[in-house]
2 protein chains.
Amino acid sequence: MGRPVAFVDQHPGRGRREPGRAVGLSRPPAPGGSSQLPAPGGSSRPPAPGGAWDGGTDPATDEALRALAEPRRRAILRLVAHQELPAGQIAAAFEVTRTAVSQHLTVLKNAGLLTERRDGTRRLYRARPEGLAGLRQLLDHLWAASLDAARQLVEAERGIVDDEREAAG
Amino acid sequence: MGRPVAFVDQHPGRGRREPGRAVGLSRPPAPGGSSQLPAPGGSSRPPAPGGAWDGGTDPATDEALRALAEPRRRAILRLVAHQELPAGQIAAAFEVTRTAVSQHLTVLKNAGLLTERRDGTRRLYRARPEGLAGLRQLLDHLWAASLDAARQLVEAERGIVDDEREAAG
DNA sequence: GACGAACGTTAGTGAAGACTGACGATGATG
DNA sequence: CATCATCGTCAGTCTTCACTAACGTTCGTC
C-alpha cells in the first residue's frame with residue numbers, strides 16, 4: 001500500500017541478547033534505521049511533517065533514558081548523586097540480591113551515568129553529570145517545541161473567534 | 001542475613017498485565033513499596049545514606065520516563081511537539097503497523113505526554129508540555145546533586161594533596 | 001601459599017513489552 | 001439505511017528484561 005515515507009522505520013527483527021552486553025539494554029532495533037536518518041541539525045533530507053523524526057536521539061541519550069526507566073536504577077543514581085558509595089553499601093539499600101544490584105550498576109555505567117573507582121577490594125560508584133547532558137537537552141527541546149505547538153493552537157483559536165466576530169459584525 | 005534496611009525494596013513478584021491497562025507500561029512493582037517510602041521533601045524518615053531513596057519518583061514521572069524509553073514513542077513525541085497531527089499521519093511516518101502506533105499513542109497519552117482532540121472521524125494529537133515537568137525536575141535535581149558529588153571529590157583530593165605537602169614539608 | 005572480603009559474570013526462569021492480524025466503534029457521506 | 005474513512009481494541013506471538021542461584025575474579029591479610 002503506497003505509503004508516504006517521511007522516514008523509514010526499518011525493523012530488522014528482534015535479536016537475541018548481544019554477546020558481551022550486560023543483562024538489560026540490548027541495543028534496540030534502530031526504529032528509523034539510524035544510518036539512514038541523520039539527527040536533527042545534521043539533516044541531509046527535509047524533515048518529516050512536524051520537523052522531527054526518529055533517529056533524533058543519539059545512542060548515548062537513548063541508553064541513558066532506557067537505563068533510567070527502571071525504578072531501581074533511578075534509586076541507585078539518587079543514592080550516588082551526592083557522594084560516591086561502594087557497591088556493597090548501595091546493595092544494602094535494596095531488597096533484591098546483590099547480584100541484581102551489580103547488574104543494575106553495570107547498566108548505569110554502560111549508559112554513562114556512573115563512574116567507577118577502585119579502592120582495594122571495593123568499587124566506589126558516583127553519578128556522572130555529563131551522562132545527563134543529552135537527556136536534559138532532549139527534554140529542553142521537547143519542552144520548547146511543545147510550548148510552541150500550544151501557542152499556535154491558542155492563536156489559531158483566537159483567529160477563528162475573531163473571524164466569527166467579523167462575520168457577525 | 002541481617003541487612004541494614006535503609007529502605008524496603010518490596011518485590012511482590014511480577015504480575016500479569018493488569019486488566020484495563022493498555023499494552024506496555026503495566027504498573028511496575030513499587031521497588032520501595034511506595035506506600036512505605038515518602039518522596040524526598042515529604043520525608044517522615046531520615047533519608048538513606050546519600051540522601052535519596054527509592055520511591056523518590058512520583059508515578060507520573062515514572063510513567064513518562066518509561067514511555068520515553070521506547071524510541072518510537074520519542075519519535076512520535078517529536079513529530080507532534082511542533083504541531084498537532086492526526087493519528088493516521090503520525091502512523092504514516094513509521095514502518096510498523098497502524099495498530100502499533102495506536103498503542104504507542106495510548107501509552108504516551110496515559111503517561112500525560114500527549115493531548116488528544118477529536119475532529120469528526122480524526123483524532124488529533126499534540127505534545128503536552130506539562131507532562132515533561134516532572135522529568136525536567138528529576139534531571140535538574142540529579143544534575144545538581146551529581147555536580148555536588150564531583151565537587152566534593154575534587155575538594156577531598158585537594159585536601160589529601162595539601163596534607164601530603166604538609167607531611168613532607 | 002591459603003583464606004576471606006568485596007564484587008562481577010554466567011545461565012536459566014518467568015514476566016513485561018512491542019509487534020501483527022483480525023475485529024470493533026464512531027463519524028461522515030450518499 | 002448502507003458504505004466508507006478514521007482509528008482503537010483484542011488476542012496471540014515472540015523478544016527483551018529483571019531477577020536468582022551458582023560460580024568466578026581480584027585484592028588484602030595471615
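Residue numbers begin at 1 in each chain, while the letters A, B, ... track the order of the sequences. Just so you know, these numbers use all the heavy atoms, side chains as well, and skip hydrogens, waters and symmetry mates.
- Here side chain to side chain donor-acceptor pair (under 3.5 Å) pairs that include residues 119-133 of chain A, with residues two or more places apart or in two chains, number zero.
- A donor and an acceptor atom never sit less than 3.5 Å apart when one is taken from the side chain of B:Gln89 and the other from the base of D:dT6.
- If you measure from atom CD of B:Glu84 to atom C1' of D:dC7, you get 16 Å, rounded to the nearest angstrom.
- With DNA chain D read from its 5' end, the first of the two nearest nucleotides for B:Ser102 and A:Thr99 is the one closest to B:Ser102.
- Between A:Leu108 atom CG and C:dC7 atom P the separation is 16 Å, expressed in whole Å.
- Evaluation of the side-chain contact (heavy atoms from CB on, under 4.5 Å) rule for A:Asp140 yields B:Arg136 as partners, not counting sequence neighbours.
- Nucleotide D:dT15 holds its C1' atom 12 Å from the CZ atom of A:Arg66, rounded to whole Å.
- Rounded to whole Å, atom P of D:dC17 lies 12 Å from atom NE2 of A:His104.
- In this structure, A:Leu105 places its CG atom 12 Å from P of D:dC19, rounding to the nearest Å.
- Nearest nucleotide to the A:Thr97 side chain, out of D:dC7, D:dA21, C:dC19: D:dA21.
- Among residues two or more places apart in sequence or in another chain, the side-chain hydrogen bond (donor to acceptor under 3.5 Å, both in side chains) test is passed with A:Thr61 by A:Asp58.
- When the side-chain hydrogen bond (donor to acceptor under 3.5 Å, both in side chains) test is applied to A:Arg151, no partner is found at least two apart in sequence or on another chain.
- Taking every heavy atom of residues 112-124 of chain B and every atom of DNA chain D, pairs under 4.0 Å involve B:Thr121, B:Arg122, B:Arg123, by number.
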